[in-house]
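Data block below; observations after.
Every number for a ligand or one of its atoms is a count from 1 in the order of the listing.
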Amino acid sequence: MLYQEKHRPQLHFTPKENWMNDPNGLVYYEGEYHLFYQYNPHGNDHANMNWGHATSTDLYHWEEHGVALAPDELGTIFSGSAVVDKNNTSGLFESNSGGLVAIFTHDGASQQQSIAYSEDKGRTWIKYEGNPVLPNTEIKDFRDPKVSWHEESKQWVMVLACGDHIQFYGSPNLIDWTYLSSFGKEYPSYIGVWECPDLLYLPVENNSKKEWILIVSINADGPNGGSAVYYFTGTFDGKEFHPNETPQDELKWADAGKDFYAAVSWDNTEDTYWVGWMNNWQYAGVVPVSPWRSAMSLARKLSLFEKDGSLLLKQEAITADNSREEVSYKDETVHPGKPESYEISDTAQVDLQVSTASASTKWSVQLVTDQDEAFRLELDYKEDAYTFYRTDGLVDFSADYPKEIKGSLHGMDVQNLKVIIDRSSAEVFLNDGLTVSTNLIYPEGTVTKLEISTVNETLQLDTVTWTKLHSIWK
Ligand code: FRU
């Protein structure tokens, strides 16, 4: 049955069939969150890029609508964004209340930016006859336009990935674009390219300000190899972005896991939400699933958090399951060498509130299947690090699929931990989402158990809660 295949995500969006990569055209409009995505309607590999389309009213349950934008004489349709042209600045709409405009890369003889508009809530699109609106014959990598309205300078601002740097463009009408500035060339050089940028203005949770943050996806050179997303915080004045971080500073990874890429935000929302492609270009083409390939991460609400003078990205997963069933255990004590075990389901959220864990403790949370496979997150305070082990299940489909995924705890004690488990992924959020690690897993069996263990010293937990999450497809 469709959506019941082995490893088919039950809590995450996947197309019914065929290949999907980056989220595109994320926009909220008239009661619907739109999720367009890089899509091959003809196969399970990265080819023939179209935009697929799905909508949601809660960022969790999705309805798939099929192809929204198909290739034409200018090329295939690469990544991009969508905005609500409320005041019909483009003049493309009959009505003054405007409609949706998509801004995307045409990948043909070169990469150029084009637009299309929709007068029926994104169901059908008309490509602008003057495409491309931002022509290019010089720069090889020139793509993934992310556009938003910049109120202070009263213009549309486009952030564009250009190989080893970002370019900013401004426009009064989404059609005529003027170069504003470049950013990033002086930052450490990477073997890969910059892709899918985003510019966000986020609230800082603990000091009531708002600050700018520039998101960049890089492929390759992620913290665990391959593709990953990182960010700079700073200022944006409608022309230039000035980062707080210097080229010598440690990079800030949005998600230090192996499988979170090309994340961008929804336009036209009050709070800021984003979603990433839950895969890695190193092995995306061979992950052992069909007839679809790749899932999106859960949508996440974003904010900033100030710690020791530095701004950190914070991510809160959205799981809008109204019939969730929660089981909670209070004041749990875990003794060294005596794991505590809890029966859970294979689509679940696990929440731990930690009371005391001594600085020398190494403790772990492990998901165990009915075939005795284990997927373990180990927290090592002495090393200031965590490791996610995906040694079990299907692992041999790619030499680049690491069995151990490491990350730093950045000197923070883990006060709370959330893991969201689906049939082929585990998303880990530490300290309310200040540290995140998203990783694919391919168990042969079904996750049935949660085990918590500690190595040297007693671990005291205020609460251990697990929540059964129901399939979004029922
Ligand atoms: C990122 C990316 C984008 C490009 C798209 C093509 O994953 O390489 O830069 O637009 O995928 O599918």
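In this pair, Y37 and F13 present their aromatic rings tilted. The plane angle is within the 30 to 60° band.
Among all protein heavy atoms, the one lying closest to atom 11 (O) of ligand 1 is D22 OD2, 3.1 Å. Looking at atom 8 (O) of ligand 1, its nearest protein heavy atom turns out to be E195 OE2, 2.8 Å.
Taking the six-membered ring for Trp, W212 and H150 have ring centres closer than 6.0 Å. Between F260 and W274, the distance separating the two ring centers is shorter than 6.0 angstrom. For W473 and Y3, the gap between ring centers is short of 6.0 Å.
Remark: ligand 1 atoms within the under-4.0 Å shell around heavy atoms of M49 are 12 (O). Shown in contact with Q38 at under 4.0 Å from a heavy atom are these atoms of ligand 1, numbered in order with element: 5 (C), 6 (C), 12 (O). Listed by atom number, the atoms of ligand 1 under 4.0 Å from Y261 heavy atoms are 1 (C), 7 (O).
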Name every donor-acceptor pair, under 3.5 Å, that has one atom in a side chain of residues 25-34 and the other anywhere in the protein, sequence neighbours excluded.
| from | atom 1 | to | atom 2 | distance (Å) |
| --- | --- | --- | --- | --- |
| E32 | OE1 | R123 | NH1 | 3.1 |
| E32 | OE2 | R123 | NH2 | 2.7 |
| H34 | ND1 | H53 | NE2 | 2.9 |

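Inclusion of H46 in the set of residues having an N or O under 3.5 Å from an N or O of ligand 1 is warranted. Some N or O of D144 is nearer than 3.5 Å to an N or O of ligand 1, by distance alone.
For T105, no heavy-atom contact with ligand 1 is shorter than 4.0 Å.
Counting only residues at least two apart or in different chains, salt bridge (Lys or Arg N to Asp or Glu O under 4.0 Å) contacts with residues 103-119 are absent.
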